[in-house]
Asks: 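I'd like to ask you about the structure that follows.
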Protein chains: 2
Amino acid sequence: MARAATTSDVFNAIAEPQRREILVLLRAGERPVTELAGELGMTQPQASKHLRVLREVGLVRDRKAGRQRLYGLDARGLRPVHEWTGGFERFWNESLGRLDAYVQDLKQTRRET
Amino acid sequence: MARAATTSDVFNAIAEPQRREILVLLRAGERPVTELAGELGMTQPQASKHLRVLREVGLVRDRKAGRQRLYGLDARGLRPVHEWTGGFERFWNESLGRLDAYVQDLKQTRRET
DNA sequence: AAATGGTATGCCTATATAGGCATGCGTCAA
DNA sequence: TTGACGCATGCCTATATAGGCATACCATTT
């Protein structure tokens, strides 16, 4: 099997560097495809494809504006990722030494069971 | 081209659901491969492979303990992900309405340039 | 209606997995 | 030393991209 489909999974969608860059650019406001492609140095089809993935996972919304299509950020989907990683915060805050001690302790406890 | 290699990129490493589950389990302390595989309902080779990826991106450390090899969490690599998503916090905190207004505004400004 | 600008898609290729299995290896116990 | 146990790997397959190109689509402007 290959990796899970990027669509339907925000974690996979943001695994692509260029897609992350697109999201960053969109923080400044809506933009048409061509402009995004230009700023990121990618072809228009490339940009459209990445935007499609982002749209399918809900990180981006599109709106027709005359002849162009403006893409806008909808970052709500990033919240779960932020919260998931946040669940590990105490682990990177503790010094590695204390972390080791902590782990050792748990290991002991578990082994004794 | 295929997606970038999972190794050398934390974002890709945690794009895999099972790898995320492994990390969660490791919050409780070090564990041998077999135990992880058992709790997650995957085969031992599968677990070893996922652990290898996690080790290569630095999210996990391994330590030989007699006949077994204990894997432990090293969440420091998750911090960048947490911070990156954190950069979008104000966007999911604002009501969608205000977000729209904000974006509209920026768009106007940009168009006028 | 015809021409043009702005996008979305289809098609083809190379590549990187994720799984399933069998098996090689190193370590500890008898 | 011989087994048994715990893991790591190698090999093979099916699948999902990411890129590059050409092109079909749609709305707007002459």
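Letters go in sequence order (proteins before strands), and every chain restarts at 1. Just so you know, these numbers come straight off a predicted model, no measurement behind them.
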Asks: Tell me whether B:Arg20 contacts the main-chain N or O of B:Ile14 through its side chain, where contact means a donor paired with an acceptor under 3.5 Å.
Replies: yes
Asks: At what distance, to the nearest 0.5 angstrom, does CZ of A:Arg27 lie from CZ of B:Arg90?
Replies: 7.0 Å
Asks: Given C:dG6, C:dG26, D:dA27, identify the nucleotide with an atom nearest to the side chain of B:Lys64.
Replies: C:dG26
Asks: For C:dG6, does either OP1 or OP2 sit under 4.0 Å from a side-chain N or O belonging to A:Tyr71?
Replies: no
Asks: Apply the test side chain to side chain contact (heavy atoms under 4.5 Å, CB included) to residues B:Leu73 and A:Phe88: give CA-CA distance (whole Å), side-chain angles for both, the deciding distance (0.1 Å), then the verdict.
Replies: CA-CA 10 Å; B:Leu73 183 65; A:Phe88 293 84; 3.7 Å; yes
Asks: Is there a side-chain contact between B:His50 and the phosphate of C:dG19, meaning an N or O under 4.0 Å from OP1 or OP2?
Replies: yes
Asks: For A:Gly66 and A:Gln18, take the nucleotide of DNA chain D holding the closest heavy atom to each; which residue's nucleotide lies nearer the 5' end?
Replies: A:Gln18
Asks: Measure the distance from CG on B:Leu51 to P on C:dA18 and round it to the nearest whole Å.
Replies: 13 Å
Asks: Within the side chain of B:Arg63, is there an N or O that forms a donor-acceptor pair under 3.5 Å with the backbone of B:Glu30?
Replies: no
Asks: Can a side chain N or O of B:Gln68 be found less than 4.0 Å away from OP1 or OP2 on D:dG6?
Replies: no
Asks: Please state whether the phosphate of C:dG26, meaning OP1 or OP2, lies under 4.0 angstrom from any side-chain nitrogen or oxygen of B:Arg69.
Replies: no
Asks: Whole-Å distance between D:dA18 P and A:Arg20 CZ?
Replies: 12 Å
Asks: Looking at D:dA8, does its base get a donor-acceptor pair with the side chain of B:Gln44 below 3.5 Å?
Replies: yes
Asks: Hey, does B:Ser48 reach any base, or is it just sugar-phosphate, or nothing, if we go heavy atoms under 4.0 Å?
Replies: base
Asks: Heavy atoms from C-beta onward define the side chain here; which of D:dG19, D:dG6, C:dA8 lies closest to that of B:Arg67?
Replies: D:dG6
Asks: Can you tell me if the side-chain N/O atoms of B:Arg52 get under 4.0 Å from OP1 or OP2 in D:dT9?
Replies: yes
Asks: Check the distance between D:dT17's C1' and A:Asn12's CG and give it to me in whole angstrom.
Replies: 11 Å
Asks: Would the base of C:dG10 count as contacting A:Lys49 through its side chain, where contact means a donor and an acceptor less than 3.5 Å apart?
Replies: yes
Asks: What's the verdict on side chain to side chain contact (heavy atoms under 4.5 Å, CB included) for B:Leu36 and B:Leu26, showing C-alpha distance, side-chain angles and the deciding distance?
Replies: CA-CA 9 Å; B:Leu36 289 171; B:Leu26 291 180; 4.1 Å; yes
